[in-house]
Amino acid sequence: MFMCFLKKLIMWRNVVLVMVMLSFSLIGHASASVSYDHNAISINGQRKILLSGSIHYPRSTPQMWPDLIQKAKEGGLDVIETYVFWNGHEPSPGKYYFKGNYDLVKFIKLVQQAGLYVHLRIGPYICAEWKFGGFPVWLKYIPGISFRTNNEPFKFQMQKFTTKIVNMMKAEKLYESQGGPIILSQIENEYGLRDGTPGKAYTQWAAQMAIGLGTGVPWVMCKQDDAPDPIINTCNGFYCDYFSPNKAYKPKMWTEAWTGWFTEFGGPVPHRPAEDMAFAVARFIQNGGSFVNYYMYHGGTNFGRTAGGPFIATSYDYDAPLDEYGLLRQPKWGHLKDLHRAIKLCEPALVSGDPNVTRLGRYQEAHVFAYKAGGCAAFLANYNPRSYASVVFGNLHYNLPPWSISILPDCKNTVYNTARVGSQSAQMKMTRVPIHGGLSWSAFNEEVTSTDDSSFTVTGLLEQLNITRDLSDYLWYSTDVVINSNERFLRNGKSPVLTISSAGHALHVFVNGKLSGTAYGSLKSPKLTFTQSVNLRAGVNKISLLSVAVGLPNVGPHFERLNAGVLGPITLNGLNEGRRDLKWQKWSYKVGLKGEAMRLRSSGSSSVEWLQGFSVSRKQPLTWYKTTFDAPAGVAPLALDMGSMGKGQVWINGQNLGRYWPAYTASGSCEYCNYAGTYNDDKCASNCGEASQRWYHVPHSWLKRSGNLLVVLEELGGNPNGIYLVRRSIDSVCADIYEWQPNLVSYEMQASGKINKPLSPKAHLSCDHGQKISSIKFASFGTPVGSCGNYHEGNCHAHKSYDAFQKNCVGQSWCTVTVSPEIFGGDPCPNVTKKLSVEAICT
C-alpha cells in the first residue's frame, strides 16, 4: 500500500513538474501576467473577451498612427494586431531599418499610450498581400535555401530575424510580463499541413524556437491544426464559428476575421456588409470564442512597390471599419462598436464556461451562458437567410430578422441585433482641390532602345527577378531581327505575326522604337501571351520588350520558385522561311529605365531636356511627367485622381505613392448586395466596368507648404492634364432605424438605475470635422424604402418627418432625434412596424 502511495506521489510530482515547466515555457516567468485556459486569455489573472483589430504600420504614416489607434479604441477594441514586415526592416542582409513608417517600436508605444494591448505577429512570413510575403528578396539567393520547410539555411535566417525582433521588444520592455502592451505573439502564418514530414519537423522547430525566446507571453499559430503544445492554434476566415482548438485547454481564437477582401487590378472592389460582419462575430462568440481580430481594421495603402500578388492594387482599403484614408467607414465602424458594447455587457458570463445550446426552431438556436453570481447572457440566432423568425425564449417572444443574432446580456432584454443597424451611414465624395494657376506639366520621353554600361548580352532568355533583384519593376529584353528584302511579307501579303509567351506580369512590345502593343495577365493567371502582326522592314529590326513586374508573389507552396519575365517561346510566323524561333538569339538586357537611373522621381533632374507646351498633352508611351504645386489648406485626406492615365507609378517629393493602373478596368459581378446569406469575396462588389482604382492616397505629412514636386511615369500614354488633387470628405449622412430598435443606451441606463423604463431609440447624425449639416435631403417616418443616397417614401409616411430634423440638425455639425410617433406628428399607420430613414447633406 505504501508503494502504491509512493508511485502516486511520484506521478503527481511529475505532473506538477510538467505544469511548472509548461508555465515557464509558455510565459517565461512563474508569475507572468498573461496565461490562458479553455475559456479565455487571462491578463493578471482575469479572463477577458478580447476584441482586436489589424493596423499595419507601414501601410500608413507615423503622423496617422495616433488617430488610427484612437479611433480603434473608440470603436471598442482592446488590442491592436500587426504583422512585422521583414523585407522592410532588413532590406539587405544584416542591415536593419526601423525608421519612418517602419518604426515598429514607436507604433507599439503609441498603442500602449492609448491603453490598448498588442498582438505582435512576427511570422516572419506574413502573406498579407505584401511583396514576397514579407520575405526580403535577397533571401531567395542564399545557396541551398528552400522557404518554410525543414531547411537549415532558411531556419537560420528565420531564427536570426525573429530573435532580433524579440530582443528589440525586450530591450524596450514592451512585453506584458515587463509592464508593456504585447500580450500575444505569432510564429509562422497560415502554414497548414504542408510539405509532409519535413513540414511537420519545421512546424515543431518553429514552435520550440519561439518558446525558447522567453517572451513572457503566449505564442499562436494561425490555421495550424497541429500547432505543437503549448502554442495556441487559431482560425482565419470569413466565419470561424465551426472552429475548435486542438487541445481542450486552449482558448478559441479568431486571428483574422476578414472585414472584406483586397482589390486587384482588373477586379471589382469587394465590400462586406456590416450586418454580416457583426453576425459572423456574434456567431463566433456565442460558440465560445473569446478573441476576435478584425483583418483589417484599417487596411491602408501599399505605398511604393510593396504590393504583392501579383496584381494587388495600391489601395489596401479592405472595406475595413477605418477606410484607406483613416476615416470612419459608416455604418460598419459604428455597428461593430455597438456590437462590442453588447459583448462586453455579457463578458462575465461569457468567460465563465461553455454555453448551453437550445433549439428554438428549424434554423433558430439559443446559446445561454450562466455564471456563479446567478446572472446569465443569451444569444438568439436565426440562421435562415430569407425569413424572419418569431421564437419563444424564457417565456418571452422575440422577433429575429433573417441571418441575425440578438444579444441579451440579462437573458431578457435585447440590446443588439446584428441585422438592425442603429449607427449612421455615410456617403463619401472626392472633391477637386483648386490649385492656383493649375498644374503646368513638363515631359521627358524615355529612350526605348538605349544601352549603357549596365547592359549585357547573352544567348537566350533570362528570368526577370534573377536579373533585377527587385531593384526595379522594369527589365528590357532587346534583340535584332534581320529581314531579307525577299521575305518581308507572307505570300498573301500580310505582315508577319510576333508571338511572345511570358511568365508575367505585363509586357510592352516595341518594334523599331515604336510601341506595337501591350499584354498583361491577372491575379488568377499571371502568365501572358502577346500575339500581333508587326511591321518589319528590310534589314535590321530592333525588337525591344519591356517586361514589367506588378508585385511579387506572396502566397503558395514555395512561391520563391515562381518565375517572372519573358521566358519564351518567341516566334515570328509568316516569313518565307515559315516560323522563326527568336528565343535562342542573342538578347541584351538592361535593368530599369533611364529616368530611374537619373532619379527623375525625386529630383525632376534638370540634366534632361524636358518638353513643355503642346507636346506634353500628346499621349506618348514611356513618358515621365513633372509639375509642382502648393499644398492646400485643411486637414481632410487628400488623393490624386489618376483616372486620365494608363499605367505607371507616381511620386510626390520623392515618396512613391504606388503603382497606378486605371486602364485595367474591373471585370466581374457587381449585382445587388443582400447582407443575408454566406459571404464570399465575389459577393457585394462594385466598380465593374470602371477602373479598379482611380484615387491614390497622398499623406499630408509628405507635403511641403509650397513647391511640392509631382512626378509621374506613364507606360501606356495617358493624359496628365486630367490629373487632379482631390479631397475626401463626407457628402451626406443617413440613419435608418426601427421604432423598436434594440437600444444599448436604454439598457445601460436602466441597469445603472438612472431610468426605470425603456427609452425610444435615437437617430444620430454627425458630419466630419469642419462640416455642418446644410440641408435635409430626405426624411420619412413610416415605411420608407431604399438605402442611403437612394431613399423613397413608402405607403406609410408621417408628413412632419422633416420638421424635427430641420429644427434640430440644420446648421449643426451633429444632432440627435428621438424615433417615436410623437416627434413626427403622430402614428401615420397604427399596427404597422415603422422605421425612420433620413439623409442629411454635409458641407
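The basis for the numbers below is simple: all heavy atoms, side chains too, and nothing from hydrogens, waters or symmetry mates. Everything numeric in this text was worked out from a predicted model, so none of it was measured.
Note that NZ of K626 and CD of Q612 are 8.0 Å apart. Values are rounded to the nearest 0.5 Å. Of the inter-residue distances, the one linking N790 atom CG with Q427 atom CD reads 9.0 Å to the nearest 0.5 angstrom. Interatomic distance, CZ of F805 versus CZ of F778, reported as 11.0 Å (0.5 Å rounding). Q330 contributes atom CD, which lies 11.0 Å from atom SG of C734 (distance to the nearest 0.5 angstrom). In this structure, M645 CE and R694 CZ are separated by 13.5 Å, a value rounded to the nearest 0.5 Å. Annotation: the span from D473 atom CG to L593 atom CG amounts to 9.5 Å, rounded to 0.5 Å.
Using a 4.5 Å heavy-atom cutoff, the side chains of F510 and L622 are in contact. By the 4.5 Å heavy-atom criterion applied to side chains, V712 and Y660 are counted as neighbours. Residues V421 and D736 form no side-chain contact, since every pair of their non-hydrogen atoms from C-beta on lies 4.5 Å or further apart. Proximity of K777 to Y791: side-chain heavy atoms (C-beta onward) are nowhere separated by under 4.5 Å. In this structure, D641 and M430 have side chains that are not in contact, with every pair of non-hydrogen atoms separated by 4.5 Å or more. Taking 4.5 Å as the limit, every side-chain heavy atom of C767 sits out of range of all side-chain heavy atoms of I841. Looking at C673 and P273, their side chains come closer than 4.5 Å, going by heavy atoms from C-beta outward.
S544 pairs by the side-chain hydrogen bond (donor to acceptor under 3.5 Å, both in side chains) definition with S478, not counting sequence neighbours. The salt bridge (charged side-chain N to carboxylate O under 4.0 Å, His left out) test applied to K106 returns no partner, not counting sequence neighbours. In this structure, Y477 has no side-chain hydrogen bond (donor to acceptor under 3.5 Å, both in side chains) partners at least two apart in sequence or on a different chain. With sequence neighbours left out, the salt bridge (charged side-chain N to carboxylate O under 4.0 Å, His left out) criterion links K704 to no other residue. Looking at residues two or more places apart in sequence or on another chain, you find no salt bridge (charged side-chain N to carboxylate O under 4.0 Å, His left out) involving D103. For K429, the salt bridge (charged side-chain N to carboxylate O under 4.0 Å, His left out) criterion is met by D731, not counting sequence neighbours.
A ring-centre distance under 6.0 Å is not found for Y520 and F311.
With N101 contributing its side chain and P58 its backbone, the two residues share a donor-acceptor pair below 3.5 Å. Within the 3.5 Å criterion, the main-chain N or O of P310 finds no donor-acceptor partner in the side chain of H505. No side-chain donor-acceptor contact under 3.5 Å links H697 to the backbone of A639. In this structure, R272 contributes its side chain and D319 its backbone to no donor-acceptor pair below 3.5 Å. Under a 3.5 Å cut-off, the side chain of E714 and the backbone N or O of L716 do form a donor-acceptor pair. A donor-acceptor contact shorter than 3.5 Å links the side chain of S502 to the backbone of G565. With hydrogens and angles ignored, the 3.5 Å screen pairs a side-chain donor or acceptor of S423 with a backbone N or O of H335. In this structure, S60 contributes its side chain and G300 its backbone to no donor-acceptor pair below 3.5 Å. Remark: side-chain polar atoms of Q771 are paired, donor with acceptor, to backbone N or O of I730 under 3.5 angstrom. No donor-acceptor pair under 3.5 Å is formed between the side chain of Q620 and the backbone N or O of N445.
Taking the six-membered ring where tryptophan is involved, the planes of F107 and Y57 are tilted, since the angle between them lies from 30° to 60°. Ring geometry for Y83 versus H56: interplanar angle of 30 to 60°, hence tilted. Aromatic ring pairs are classed by plane angle as parallel below 30°, tilted from 30° to 60° and perpendicular above 60°; the pair W702 and F303 is tilted. W261 and Y318 have tilted rings, their planes meeting at an angle from 30° to 60° on a 0 to 90° scale. Classified by interplanar angle (parallel below 30°, tilted 30° to 60°, perpendicular above 60°), the ring pair W651/W624 is parallel.
Between the side chains of E129 and Y316, at least one donor N or O sits under 3.5 Å from an acceptor N or O. Using a 3.5 Å distance cut-off with no hydrogens or angles, the side chains of S516 and Q532 do pair a donor with an acceptor. In the model, T301 has a side-chain atom that pairs as donor or acceptor with a side-chain atom of E324 under 3.5 Å.
Heavy-atom contacts from other residues, nucleotides or ligands closer than 6.0 Å to CH2 of W610 number more than 12. A 6.0 Å sphere centred on NZ of K73 holds more than 12 heavy atoms belonging to other residues, nucleotides or ligands.
A840 approaches I776 most closely through the heavy-atom pair CB-CD1, 3.9 Å. For the pair L327 and R728, the tightest heavy-atom approach, listed with the atom from each and the gap, is CD1-CG, 4.0 Å. For the pair W65 and G100, the tightest heavy-atom approach, listed with the atom from each and the gap, is CH2-O, 3.7 Å. Listed here is the closest heavy atom pair of N687 and S692: ND2-O, 4.0 Å. The shortest non-hydrogen separation linking A631 to N708 is N-ND2, 3.4 Å. Across every non-hydrogen atom of T468 and Y474, the tightest pair is CG2-O, 3.9 Å.
Just one of Q649, R659, H508 meets the side-chain hydrogen bond (donor to acceptor under 3.5 Å, both in side chains) condition when paired with E715; it is H508. With respect to F262, the side-chain contact (heavy atoms from CB on, under 4.5 Å) criterion is satisfied by exactly one of L523, D317, N302: L523.
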Give the C-alpha distance, both sets of side-chain angles, the deciding distance and a yes or no for side chain to side chain donor-acceptor pair (under 3.5 Å) between S54 and N293. CA-CA 7 Å; S54 289; N293 176 73; 2.9 Å; yes
Check step by step if side-chain contact (heavy atoms from CB on, under 4.5 Å) holds for Y294 and L336. CA-CA 10 Å; Y294 295 101; L336 294 178; 3.8 Å; yes
Evaluate the criterion side-chain contact (heavy atoms from CB on, under 4.5 Å) for residue pair V84 and I126; output intermediate values, then yes/no. CA-CA 8 Å; V84 178; I126 63 171; 5.9 Å; no
I would like to know whether F238 and D276 meet side-chain contact (heavy atoms from CB on, under 4.5 Å); could you show each step before the answer? CA-CA 10 Å; F238 290 118; D276 181 69; over 6 Å; no
Evaluation steps, side chain to side chain donor-acceptor pair (under 3.5 Å), between E596 and S472: CA-CA 8 Å; E596 289 183 298; S472 172; 2.8 Å; yes
Can E264 and Y664 be said to form a side chain to side chain donor-acceptor pair (under 3.5 Å), step by step? CA-CA 10 Å; E264 62 183 277; Y664 202 165; over 6 Å; no
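By the 6.0 Å and 45° rule, K71 does not stack over the aromatic ring of W333.
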